[in-house]
Undergrad: 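If you scroll down you'll find the structure; I have some questions about it.
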Amino acid sequence: MTDNTQQPAHGPHSASADLPTQYAPAEVEEKLYERWVERGYFEADEESGKDPYAIVIPPPNVTGSLHLGHAFEHTLIDALTRRKRMQGYETLWQPGMDHAGIATQNIVERELAKEGKSRHDLGREAFVERVWRWKAESGGQISGQMRRLGDGVDWSRERFTMDEGLSRAVQTIFKRLYDDELIYRAERIINWCPRCLTAISDIEVEYQDDEGELVSIRYGEGEDSVVVATTRAETMLGDTAVAVHPDDDRYAHLVGRRIALPLTDRSIPVVADEHVDPEFGTGAVKVTPAHDPNDFEIGRRHDLPQQTVMDEHAVITVHGPFQGLDRLEARSAIVAALRAEGRIVAEKRPYTHSVGHCSRCKTTIEPRLSMQWWVKVAPLARAAGDAVRDGRVTIHPKEMESRYFGWVDNLHDWCISRQLWWGHRIPVWYGPGGEVRCVGPDEEPPSGEGWRQETDVLDTWFSSGLWPFSTLGWPERTRSLEKFYPNSVLVTGYDILFFWVARMMMFGLYAMDGTPPFRTVALHGMVRDQFGKKMSKSFGNAVDPLEWMDEYGSDAVRFTLARGANPGVDVPIGEDWVQASRNFANKIWNATRFALLNGATVEGPLPAPEELSAADRWILSRLGAVVSEADAHYDDYQFAKLSDGLFHFAWDEVFDWYVELTKTTFQAGGRPAEVSRRVLGEVLDVVLRLLHPLVPFVTEELWTTLTGRESVVVADWPADSGFRDRAAEEEIAAVRHLVTEVRRFRADQGLQPGQRVPARMDLTATPLAAHEAAMRALLRLQPAGEDFTATASLPIAGATVALDLSGAIDVGAERKRLTKDLAAAEKELKQTTAKLGNDGFLSKAPDHVVVKIRARREAAEADIARITAQLERLPQG
RNA sequence: GGGUGCAUAGCUCAGCGGUAGAGCGCCGCCCUUACAAGGCGGAUGUCGGCGGUUCGAACCCGUCUGCACCCACCA
């Protein structure tokens, strides 16, 4: 051992030898994060002259804690913003949380229930105060988790959708929409959750196939009777018609007549309506306008009365034997009563049909006639669709566009009122004489006798739809708004494309004079378990990201998630894979340790090309290419390719091959060792910077140690040096190939490390078949008969023998297989082999074609000899 | 009913016209002074089925089968 392999040649990093042999995330992460925040790296300056780059956080619900899906999303956003920050953009990653109306109210109500109380025991004001208290605790938990993840958010700008400023934005846009007649109040069939006791919008309803029972009931008497089928017998109390198809001859005689409604003293008309499918069931439908959206429409067309039969708890309100029964009890009671009257004409049969459930509590939705507030979405949605259609906003991956269009082009009006207490109260006052007044943020509410404010609050997505500009101070024209609106990109899950993305598009375009809220939407998939199953608490496969971060480090969790992130595709993640990422972090750690121990340096210019060894030129050439690839993948939101590419470059090429090659250089010492120290330093410097956005902690710790500089967070993003050396790349590829073959040979022959190769050995068994197969595949020529031969010799015991890879192929069979034109075949072969970095040619003979490949191995002969010699000395690599 | 994807190694997935790949798992050898959370070598695939286009198809076209998701909706 010489001194210069033990001591850094120069530089300030002698302390680096103290790095432990394993990376311990727990010891550095918290310290580094606090340092970043203290130094203000993540704070965005709206007065800066730099170009802006802004992303808003999809605000997590204050309910509870972050799950792996958040960790995933945050990793992507953090990687994007960290890179842009390094590239010199004025970067804003806007943090904040959503008040999550129903979800939060449900949780706090559940807490109250444990104390035996309901929200009504507290009253509205005290209840809301209680929710605020709860929010204070829960919100803190979330920001703690974000710090653990390393999220580079600007904490000084944290917002909450119920903040004063954001509430002002809500009131402002409500008033503007109201004045533009895009918000209105109307009585319609809405999706009612009898447990949450509120209306919900169409997309908050989840449909699933439920088992029901279809019963057939005879309405009317004798000639004037008709059989209807239903799964919801209890609604018959509210029937106000029977509908049949206008062309249905079976019932033509009944249309316009009235028939008796069983169990009541009412009679109802038979109407003809196109909606009825004559093929389905009996072709006759009971019509309950107050409890079914389709029936409501039929009722409208035929001017039918709307008979409400259930209250908000889905309990029957009609006087009589069924009053007070809930909908399920009423269903069986009514069927029993009908059977007693002989009106059940077909036994009930099991019937699977799609039933709506509340997305918050899974209770079966009760469609219900109700007075609610609505947004008239058609004009807003048209603008939202056009912004994507005309390219002002692009959606990644592109396949998701059709989903987006399918939705914005077919929207029903949006029910925005909720019968909750937690949320933005609708800024409308009702006067004593029936007046309705919408109050803007700078107006005094009416105060006279008899005025009262609307008690409903707004759908939580109403305020989150304003997020890209409300967080920047809108409706004020703030400097922040000018600087950071529109956002550069929106990163979110495809599951909230309609809930959130489309709403932001509608509101953004409307409020910001036609400027969309972001230029690009990058949609990611959902995190799943290692078998591709959806993660859920009830299934028991949900993972708390904190547990994994504790065990393996935040970088490992982040890298695993990034590595699975193909655009728009779900991401499976398993603990094994996090371990693999942890191993990678440790590998980076130890490779850097090796570099430091051997005096790698980042100081001074790179040595001139003529001083570089083939290995140096190869790795620098590859480094340039990798920087460009990484840039392309970042720009295209290809996180999986990005991560995988960097993983393999770092591990296979830099850590395995280049580092191994430098070992002999370092041992030899002298000027070549100096050169390689600088090159190794350069390569690690760049690799750490490239990896930093994905794995911020380990790279920060190592980069600052390696370079002695302040922080990689504010380091320059690497640029492609433009240096390329095809010859060196091929040369090293040849070296790698040969070394691998020698190793394989030794392994096949069972040679122990350190054991010298005997002078004579039988080689026939080993690599020849591989060469032959490669030849065949390469040429895409199946050998006809047994004419094909290939021979190869390997450098053993220091002696290198030229490889003679040639084959003779019977042309009789091949001539058909190739084209009739051999010249064309030759041309194609040339192209093919050129792609593979080899020379190839066909030579024609009367009865056969000789195909030869000349691999450029001669060029590498010197290195091959050297490496082979080293292999004799260094038994394994 | 309408739409969008997907079927490739034991598992989870890349590749999308030119030598079938990765991670994990598996087998063998090695505690070699950066790293055993490591190193070296290896095995494993009718690339879902059937047709077609092409000199050449995992990749393009058609078709079938099976899955997933979204939308509409089922009296």
Side-chain angles (χ1 to χ4, degrees), chain A residues 1 5-6 19 21-23 203 207 214 228-232 243 275-277 280-288 292-295 351-355 399-400 402-403 406-407 410 494-495 497-498 526 528-532 552 556 560 563-564 566 568-574 576-577 579-598 640-641 644 647-648 655-656 659-660 663 740 743-748 750-754 773-781 814 816-821 824-825 828-829 831-833 835-836 874-877:
Chain A
M1 290 300 152
T5 61
Q6 295 288 3
L19 287 181
T21 61
Q22 289 195 353
Y23 170 51
I203 51 175
Y207 285 89
L214 194 63
V228 299
T230 183
T231 52
R232 304 209 52 207
H275 172 261
V276 179
D277 174 6
F280 188 94
T282 59
V285 188
K286 60 189 276 306
V287 181
T288 323
D292 182 278
N294 289 314
D295 293 3
Y351 180 70
T352 304
H353 62 144
S354 176
V355 176
E399 303 88 79
M400 289 290 175
S402 58
R403 227 185 245 204
W407 198 71
N410 294 293
Y494 63 72
D495 59 327
L497 184 60
F498 307 147
M526 304 293 110
R528 291 168 175 271
D529 76 6
Q530 59 194 308
F531 303 111
Y552 304 109
T560 308
R563 217 174 159 195
N566 288 112
V569 176
D570 288 349
V571 186
I573 184 169
D576 289 353
W577 310 345
Q579 284 171 9
S581 298
R582 182 269 316 266
N583 295 353
F584 180 50
N586 194 53
K587 188 74 182 176
I588 301 169
W589 180 267
N590 275 294
T592 309
R593 243 184 103 227
F594 169 84
L596 291 164
L597 289 168
N598 286 284
K641 290 188 178 73
D644 207 53
F647 175 89
H648 284 291
F655 303 157
D656 276 354
V659 162
E660 290 305 321
K663 281 180 180 173
T740 301
R743 285 172 179 166
R744 185 199 310 191
F745 174 78
R746 299 187 63 112
D748 286 349
L751 295 175
Q752 292 299 304
M775 276 291 286
R776 288 180 189 173
L778 181 65
L779 299 175
R780 299 160 293 107
L781 294 172
E814 291 311 316
K816 288 177 201 153
R817 199 185 292 269
L818 294 166
T819 57
K820 285 137 202 156
D821 184 356
E828 201 191 321
L829 177 68
Q831 286 171 351
T832 302
T833 51
K835 268 185 210 166
L836 298 165
L874 300 172
Q876 295 281 339

Undergrad: What contact category does A/Arg232 fall into here, base, sugar-phosphate, or nothing, at under 4.0 angstrom with non-hydrogen atoms?
TA: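 Answer is nothing: A/Arg232 stays at 4.0 Å or more from every strand.
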Undergrad: Sequence neighbours left out, what passes side chain to side chain donor-acceptor pair (under 3.5 Å) with A/Ser402? Give chain and number order.
TA: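 Expected list: none.
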Undergrad: Under the rule for side chain to side chain donor-acceptor pair (under 3.5 Å), what residues qualify as partners of A/Ser581, not counting sequence neighbours?
TA: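 Side chain to side chain donor-acceptor pair (under 3.5 Å) list for A/Ser581, sorted by chain: A/Thr560.
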Undergrad: Does A/Glu660 contact B/A34 through a side-chain donor or acceptor facing the base, at a distance under 3.5 Å?
TA: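 Side chain to base: pair found, below 3.5 Å.
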Undergrad: For the side chain of A/Phe655, counting heavy atoms from C-beta on, which of B/G23, B/A75, B/A34 is nearest?
TA: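 My answer, after comparing the listed nucleotides, is B/A34.
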Undergrad: May I ask you to say what A/Tyr207 touches in the nucleic acid, namely base, sugar-phosphate or nothing, with a heavy-atom cut-off under 4.0 Å?
TA: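 The residue A/Tyr207 makes base contact.
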Undergrad: Take A/Thr282 and A/Thr21, find for each the nucleotide of RNA chain B with the closest heavy atom, and name the residue whose nucleotide sits nearer the 5' end.
TA: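 Its nearest nucleotide lies further toward 5', so the answer is A/Thr21.
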Undergrad: Could you work out the separation of B/U8 and B/A14 based on their C1' atoms and round it to a whole Å?
TA: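 One C1' to the other, the span is 10 Å.
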Undergrad: Taking atom P in both B/G45 and B/A58, compute the distance separating them and give it to the nearest angstrom.
TA: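 Comparing P positions in B/G45 and B/A58 gives a spacing of 16 Å.
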Undergrad: When you measure from the centre of the six-membered ring of A/Phe594, is the NZ or CZ of A/Lys663 closer than 6.0 Å and no more than 45° off the axis?
TA: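 Yes, A/Lys663 lies over the aromatic ring of A/Phe594.
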Undergrad: Looking only at side-chain atoms of A/Arg582, point me to the closest of B/C35, B/A37, B/A22.
TA: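 Nearest listed nucleotide: B/A37.
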Undergrad: Suppose you measure atom C1' in B/C47 against the same atom in B/G1; what distance do you get, rounded to whole Å?
TA: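 These two C1' atoms come out 33 Å apart once rounded.
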Undergrad: Base, sugar-phosphate alone, or nothing: which one does A/Phe584 contact when heavy atoms must sit under 4.0 Å apart?
TA: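 The answer is nothing, as A/Phe584 stays clear of every strand by at least 4.0 Å.
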Undergrad: So, using side chain to side chain donor-acceptor pair (under 3.5 Å) as the criterion, who are the partners of A/Asn586 when residues are at least two apart?
TA: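 A/Asn586: no side chain to side chain donor-acceptor pair (under 3.5 Å) contacts found.
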Undergrad: Between B/A37, B/A34, B/A75, spot the one nearest the side chain of A/Gln22, thanks.
TA: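 Output: B/A37.
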Undergrad: Grab the NE2-P distance between A/His353 and B/G1 for me, whole Å please.
TA: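 It works out to 18 Å between those atoms.
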Undergrad: Strictly under 4.0 angstrom, non-hydrogen atoms only: write out the protein contact profile of nucleotides 6-16 of chain B, one letter per nucleotide from the 5' end, B, S or -.
TA: -----SSSSS-
Undergrad: Can you list the residues that meet the salt bridge (charged side-chain N to carboxylate O under 4.0 Å, His left out) rule with A/Asp644, with sequence neighbours excluded?
TA: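 Salt bridge (charged side-chain N to carboxylate O under 4.0 Å, His left out) check on A/Asp644 returns A/Arg563.
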Undergrad: Hey, where does RNA chain B pair up into stems, meaning at least three consecutive Watson-Crick or G-U pairs with distances under 3.5 Å?
TA: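 Stem list for RNA chain B: B:1-7 with B:65-71, B:10-13 with B:21-24, B:26-30 with B:38-42, B:48-52 with B:60-64.
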Undergrad: Could one point to a donor on the side chain of A/Gln579 or the base of B/A37 with an acceptor on the other under 3.5 Å away?
TA: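 No.
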Undergrad: Please give, in whole Å, the distance from B/C35 P to A/Asn590 CG?
TA: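 Roughly 6 Å, once rounded to whole Å.
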